[in-house]
Q: 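Sending over a structure as C-alpha cells; questions will come in a sec.
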Amino acid sequence: MAVTKRVCIYTEEDVANHKSAKSCWITCRGKVYDVTGFVPDHPGGDDLILAHAGTDVESIMKDGDSHDHSDSAYDMLEEYVIGRLGTEATVVRDDWEAPDDFHPEDTNSAEDFEKTQFLDLRTPLLQQMWQANFSKSYYLKQVHQPRHLQESARLFAYDIFEVCTRTVWYAVPLIWLPITANLFLRSMLQFNGPIPTFLSNPLLPLSLTSTVTLDAFAKTLPCFFLGNFIWTILEYGMHRFLFHIDEFLPDHYAFLTLHFLLHGIHHYMPMDRLRLVMPPVMFGILQAPFTRLAYILFPTPVANGIIAGSFAFYVLYDCMHYALHHTKLPAYLRHMKKYHLAHHYKNFELGFGVTSKIWDYVFKTVLPV
C-alpha cells in the first residue's frame, strides 16, 4: 500500500512556541494557522491578534462582546492553514502500576490510525517515518504511547530487509559470548607475551588454553571486572543520553526516523518479542567506537580484558531486558521488571537503569514505583 502525504500534524506546544509578530500561529476548530503575514492587516489591529498568539481563538472569534466574526473571516482564515492539532493517545499515565502478570490488550490498528493519524501499523513503518507529516513534538508524544500487536509490525516492505530488524533473544548469547570468551583468553595469553592478531588467527586462544598461567588469570580478572563496571555506566548513559536524546533531537524527518530505528520503535511497541534485544549489526556498530577507545587508552591485554567484561555484561543486559518484558522472575528481578515497565508505561523520562538502579540513584533519575 502506498504511503500518501497527509496534512501536517502539530501539538499545542508547537503552536505555543509561535506567539510573536515574527511568527504568529493560532488554532481554531482543530486546525493550525500561521497568520504571521496577516497580523499587520488585521482589521482590529495587530495587538488584538498578538494577544491570542500561540493559543486557540475559536471562542474569541465567536465572542459577540469582542467581535463576532463573519463567515468571510473564517474563509479568509483558511488561506493560512498549515496543519491540524493531533489527537493524543493516553496509555502512559502517572498512576500506572505494573501487575505481576502483565498482558496488555492488543491495539486496534485501524482505529488507532484513524484517531491519531500517526503511524498505520498495517503497513511498513519505516517509509511512513521517512515521509513523516508530523512535528517532532507530536512524534515524541505518540512514540512514547505504547501499542501492542500479536505479531511484529513490519518496518520494511521487503522480507530481505525486514528479517534484519528482528532478533530472537538467544541470538545475543550465541553470538557475543564466544567473542567474549575469545577476548578473555586473548587477554590472559597476551599478559604472558605477544600473540598473533585475531584476524590472522581467530581460534588461536583455544589451542593455547593449557599455557595460561594463574598469574595471567589474576591480571585479566580485574580488567574483566572493570569492564563490568564500565558497562553499567554505558548502559545508563546510552539509554539516557543517546536513546532518549528527545530534547535535542532536530525537528527533521531524517532524525526522527533515526530515533525511531534506534529506540523509538521499542517504546512504540515495547512488548514486541523480536525487537527487545539489539540486532547483532546494531550492537556491532555501537560498540566499535568504545572498543577502539579502549585499545587507544590501554595496553592490548588490559583492553581485551575490559572489553570482555563489558561484552559479558551486555549479554546479561540484553537477556535480562527480554526477561523483564516477557518472563516470570524471582523477587529482585520482579521488582526490576515493574521498574522497567514503569519506564515505558508511567514516565519515560525517568528510570533508565535496566539491570540495576545504581546510576539512577547517582543522577537522581529514580522512578518511584
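All residue numbers in this chain count up from 1 along the given sequence.
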Q: Any chance the rings of H267 and H259 have centres within less than 6.0 Å?
A: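 For H267 and H259, the ring centres are not under 6.0 Å apart.
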
Q: Have a look at Y317 and tell me which of F283, W231, Y236 forms a ring pair (Phe, Tyr, Trp, His ring centres under 6.0 Å) with it.
A: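 Answer after filtering F283, W231, Y236: W231.
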
Q: Let me confirm one number: the CG-CG distance from L140 to D251, rounded to the nearest 0.5 Å.
A: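 Reported to 0.5 Å precision, the distance equals 9.0 Å.
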
Q: Report the C-alpha separation of T167 and M282 in whole Å, then their side-chain angles, then the decisive distance to 0.1 Å, and conclude whether the side chain to side chain contact (heavy atoms under 4.5 Å, CB included) test is met.
A: CA-CA 11 Å; T167 309; M282 178 182 287; over 6 Å; no

Q: Please check if the number of heavy atoms outside Y170 that lie under 6.0 Å from its OH is greater than 12.
A: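 Atom OH in Y170 is not packed in, count stays at 12 or less.
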
Q: With a 4.5 Å heavy-atom cut-off, do L350 and D360 have their side chains touching?
A: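 No, every pair of side-chain atoms sits at 4.5 Å or beyond.
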
Q: On a heavy-atom basis, which atom in P270 and which in H148 lie closest, and how many Å separate them?
A: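 Heavy atoms of P270 and H148 come nearest at CG-NE2, 4.4 Å.
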
Q: Starting at CG of L77, measure out to CZ of F38 and round the result to the nearest 0.5 Å.
A: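 Output value for this atom pair is 8.0 Å.
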
Q: What residue among F184, F311, F313 forms ring pair (Phe, Tyr, Trp, His ring centres under 6.0 Å) with F224?
A: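 When ring pair (Phe, Tyr, Trp, His ring centres under 6.0 Å) is applied between F224 and each of F184, F311, F313, only F184 qualifies.
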
Q: If we only count heavy atoms from C-beta on, is the K136 to F255 side-chain gap below 4.5 Å?
A: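 No; the side chains remain at least 4.5 Å from each other.
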
Q: Do you know the tightest heavy-atom contact between T116 and Y138?
A: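 That would be O-OH, 2.6 Å.
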
Q: Could you pull out the closest heavy-atom pair between Y345 and P104, with the gap in Å?
A: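 That would be OH-CG, 4.3 Å.
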
Q: Is there a side chain to side chain contact (heavy atoms under 4.5 Å, CB included) between L48 and I60 once you walk through the steps?
A: CA-CA 10 Å; L48 181 60; I60 194 67; 5.6 Å; no

Q: If we ignore angles and hydrogens, is there a donor and acceptor under 3.5 Å between the side chains of Y33 and E78?
A: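 E78 and Y33 do have a side-chain donor-acceptor pair below 3.5 Å.
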
Q: Are the aromatic ring centres of F241 and F363 under 6.0 angstrom apart?
A: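 Not under 6.0 Å, so no.
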
Q: Flag yes if more than 12 heavy atoms outside E114 fall under 6.0 Å of its CD atom; otherwise flag no.
A: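 It does not: E114 CD has 12 such atoms or fewer within range.
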
Q: Looking at side-chain heavy atoms only, is the closest gap between H326 and M271 below 4.5 Å?
A: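 In contact.
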
Q: Can you measure from CZ (F352) to OH (Y339) and round to the nearest 0.5 angstrom?
A: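 Interatomic distance, F352 CZ to Y339 OH, rounded to 0.5 Å: 9.0 Å.
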
Q: State, yes or no, whether a side-chain contact exists between L261 and L155 at a heavy-atom distance under 4.5 Å.
A: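 Touching, per the 4.5 Å side-chain cut-off.
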
Q: Centres of the H321 and H266 rings: under 6.0 Å?
A: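 Yes, ring centres under 6.0 Å apart.
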
Q: Would you give the length of the straight line joining atom CG of N17 to atom OG of S135, rounded to the nearest 0.5 angstrom?
A: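 Nearest 0.5 Å value for the CG-OG distance: 10.0 Å.
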
Q: Does a side-chain heavy-atom distance below 4.5 Å link P330 with L333?
A: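 With C-beta onward as the side chain, the pair touches.
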
Q: Got a second to check how far L119's CG is from M129's CE, nearest 0.5 Å?
A: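 These two atoms lie 6.0 Å from each other.
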
Q: Go through the steps to decide whether D34 and Y80 satisfy the test side chain to side chain contact (heavy atoms under 4.5 Å, CB included), and finish with yes or no.
A: CA-CA 6 Å; D34 181 355; Y80 299 93; 5.6 Å; no

Q: Scan side-chain atoms only and decide if R154 and Q127 contain a donor-acceptor pair under the 3.5 Å cut-off.
A: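 No donor-acceptor contact under 3.5 Å links the two side chains.
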
Q: Write down the atom of G309, the atom of N228, and the distance for their closest heavy-atom approach.
A: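 Closest pair (atom of G309, atom of N228, distance): O-ND2, 2.8 Å.
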
Q: Report yes if the side chains of P124 and F161 come closer than 4.5 Å at any heavy-atom pair, otherwise no.
A: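 No, too far: nothing below the 4.5 Å cut-off.
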
Q: Between R166 and E162, is the closest basic N to carboxylate O distance under 4.0 Å?
A: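 Looking at E162 and R166, the cut-off is met.
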
Q: Quick one: side-chain contact (heavy atoms from CB on, under 4.5 Å) partners of T27, sequence neighbours excluded?
A: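 Once residues adjacent in sequence are excluded, the partners of T27 under the side-chain contact (heavy atoms from CB on, under 4.5 Å) criterion are V15, V32, D56, L85.
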
Q: Evaluate whether atom CD1 of I160 has more than 12 neighbouring non-hydrogen atoms of other residues, nucleotides or ligands under 6.0 angstrom away.
A: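 Counting other residues, nucleotides and ligands, CD1 of I160 stays at 12 neighbours or fewer.
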
Q: Any side-chain heavy-atom pair from F113 and L121 closer than 4.5 angstrom?
A: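 Not in contact.
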
Q: Between L234 and Y295, is there shared hydrophobic-cluster membership here, with clusters defined by ILVMFWY side-chain heavy atoms closer than 4.5 Å?
A: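 Yes, because L234 and Y295 connect within a single hydrophobic cluster, where side-chain heavy atoms sit under 4.5 Å apart.
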
Q: Assess whether atom CZ of R122 is packed by more than 12 heavy atoms of other residues, nucleotides or ligands within 6.0 Å.
A: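 Enclosed.
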
Q: Show the nearest heavy-atom pair for residues A153 and L125, with the distance to one decimal.
A: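 Looking at all heavy atoms of both residues, the shortest contact is CB-CD1, 4.0 Å.
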
Q: For the residue pair T11 and D14, confirm or rule out a side-chain donor-acceptor distance under 3.5 Å.
A: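 D14 and T11 do have a side-chain donor-acceptor pair below 3.5 Å.
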
Q: Are F243 and F348 close enough that their ring centers fall under 6.0 Å?
A: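 Ring centroids of F243 and F348 are no less than 6.0 Å from each other.
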
Q: Are side-chain N/O atoms of D106 and Q150 paired as donor and acceptor at under 3.5 Å?
A: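 Q150 and D106 do have a side-chain donor-acceptor pair below 3.5 Å.
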
Q: Under the 3.5 angstrom rule, does the side chain of Q142 hit a backbone N or O of Y139 as a donor-acceptor pair?
A: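 Such a contact is absent between Q142 side chain and Y139 backbone.
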
Q: Considering residues, nucleotides and ligands other than Y253, do more than 12 of their heavy atoms fall under 6.0 Å from its OH?
A: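 Atom OH in Y253 is packed in, count exceeds 12.
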
Q: Quick one: SG on C319 to CG on L324, what's the gap to the nearest 0.5 Å?
A: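 Reported to 0.5 Å precision, the distance equals 11.0 Å.
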
Q: Assigning hydrophobic clusters by single linkage (Ile, Leu, Val, Met, Phe, Trp, Tyr; side-chain heavy-atom cutoff under 4.5 Å), is F225 placed with V212?
A: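 Yes, it is one cluster - the side chains of F225 and V212 are joined through contacts under 4.5 Å.
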
Q: Of all the heavy-atom pairs spanning L149 and T107, show the shortest one and how long it is.
A: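 Closest approach of L149 to T107: CD2-O, 3.9 Å.
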
Q: Could you tell me whether the side chain of R147 and the main chain of M269 form a donor-acceptor pair under 3.5 Å?
A: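 Absent.
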
Q: Side chains of R273 and H325: closer than 4.5 Å at any heavy-atom pair?
A: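 SC-SC contact between R273 and H325 ruled out.
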
Q: Got a donor-acceptor contact below 3.5 angstrom from the T232 side chain to the F229 backbone?
A: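 Pair found, side chain donor or acceptor close to backbone of F229.
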
Q: Give the C-alpha distance, both sets of side-chain angles, the deciding distance and a yes or no for side chain to side chain contact (heavy atoms under 4.5 Å, CB included) between L185 and M188.
A: CA-CA 5 Å; L185 287 171; M188 291 190 293; 3.6 Å; yes

Q: Side-chain heavy atoms nearer than 4.5 Å, only ILVMFWY residues, links allowed to pass through others: does that put I307 and L297 together?
A: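 Yes, I307 and L297 fall within the same hydrophobic cluster.
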
Q: Check whether V281 and W176 end up in the same hydrophobic cluster, where Ile, Leu, Val, Met, Phe, Trp and Tyr are linked by side-chain heavy atoms less than 4.5 Å apart.
A: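 No, V281 and W176 fall in different hydrophobic clusters.
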
Q: Could you verify whether a donor N or O on one side chain and an acceptor N or O on the other, from Y322 and D318, lie under 3.5 Å apart?
A: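 There is no such pair (donor and acceptor under 3.5 Å, judged by atom type) between the side chains of Y322 and D318.
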
Q: Between K357 (side chain only) and M336 (backbone N and O only), is there a donor and an acceptor less than 3.5 Å apart?
A: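 Looks like no, no N/O pair under 3.5 Å.
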
Q: Is it true that, when you exclude W169 itself, more than 12 heavy atoms of the residues, nucleotides or ligands shown sit nearer than 6.0 Å to its CH2?
A: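 Atom CH2 in W169 is not packed in, count stays at 12 or less.
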
